[in-house]
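To start, the structure under review is shown below, and the notes come after it.
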Amino acid sequence: QVQLVESGGGSVQPGGSLRLSCAASGYTNSRHTMAWFRQAPGKEREGIAAMTMYAGGGKAHYAGSVKGRFTLSHDWRKNTLDLQMNGLKPEDTAMYYCAATSGVLWELGGINDYDYWGQGTQVTVSS
């Protein structure tokens, strides 16, 4: 059974940085996709960044709203997917969720494309 555990949320002022981490366990296939979604109050859950894993590497995909500010990194040994968030804005305030699928997605994908979800971690950007 795949399990995802997020960490690293918190409160920060506009322009600040946070780093989220998602630890995955239970995967037996090196080819899979992991992603970060977020959901603000009253809004739908949206995908912001995903990484397609394959033997020897991975390819990242970003939503336009975070491209250039957020960066994914994957540690094969620990099987963690980190999201470095720089230049945070108040509109980045949301609950952030890690998601994963055994499928190989060559794009961000939607919520229905992912089979496993973490419990979420809150990010608040406010002065």
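- A heavy-atom distance below 4.5 Å is found between the side chains of N79 and M34.
- Counted within 6.0 Å of CD on E44, heavy atoms from surrounding residues, nucleotides or ligands total 12 or fewer; the atom is thus considered open.
- To the nearest 0.5 Å, the span separating CZ on R69 from CD on Q84 amounts to 12.0 Å.
- Inter-residue side-chain proximity for V123 and L20 is flagged as met; some heavy-atom pair is nearer than 4.5 Å.
- One N or O on the side chain of E6 and one on the backbone of Q119 form a donor-acceptor pair closer than 3.5 Å.
- Residue A94 comes nearest to A40 through the heavy atom pair CB-N, 3.8 Å, listed as atom of the first residue, atom of the second, then distance.
- Between S65 and R38, the closest side-chain pair of non-hydrogen atoms falls below 4.5 Å.
- The side-chain contact (heavy atoms from CB on, under 4.5 Å) with L18 is formed by just one residue from the set V12, D92, T121; it is V12.
- The aromatic rings of W106 and H61 sit perpendicular to each other, their planes meeting at more than 60°, with 30° as the lower class boundary.
- Residues P14 and P90 form a side-chain contact, since some pair of their non-hydrogen atoms from C-beta on lies under 4.5 Å apart.
- Around atom CD of Q122, more than 12 heavy atoms belonging to other residues, nucleotides or ligands sit under 6.0 Å away.
- Counting heavy atoms from C-beta outward, F37 and Y114 have side chains that approach closer than 4.5 Å.
- A heavy-atom distance below 4.5 Å is found between the side chains of C98 and W36.
- In terms of modelled atom types and a separation under 3.5 Å, the side chain of T93 and the main chain of V125 share a donor-acceptor contact.
- Although no hydrogens or angles enter the test, the distance criterion places a donor-acceptor pair under 3.5 Å between the side chain of T52 and the main chain of L105.
- In this structure R19 satisfies the salt bridge (Lys or Arg N to Asp or Glu O under 4.0 Å) test together with D82, sequence neighbours excluded.
- Looking at every heavy atom in both residues, A24 comes nearest to L4 through CB-CD2, 3.6 Å.
- Annotation: the span from D113 atom CG to E107 atom CD amounts to 7.0 Å, rounded to 0.5 Å.
- In this structure, Y96 and F70 have tilted ring planes: the angle between them lies in the 30° to 60° band.
- A distance of 12.5 Å separates SG of C22 from CE of M51, quoted to the nearest 0.5 Å.
- Residues L83 and I48 meet the side-chain proximity criterion, which asks for heavy atoms closer than 4.5 Å.
- The CZ atom of R45 lies 5.0 Å from the CH2 atom of W117; values are rounded to the nearest 0.5 Å.
- In this structure, the side chain of Y62 engages the main chain of L72 through a donor-acceptor pair within 3.5 Å.
- Residues L81 and V2 share a hydrophobic cluster, clusters being chains of Ile/Leu/Val/Met/Phe/Trp/Tyr side chains in contact below 4.5 Å.
- When all heavy atoms are compared, the tightest approach of Y97 to G118 is CD2-O, 3.7 Å.
- Under a hydrophobic clustering in which Ile, Leu, Val, Met, Phe, Trp and Tyr are joined whenever their side-chain heavy atoms come within less than 4.5 Å, directly or via other members, M53 and V104 fall into different clusters.
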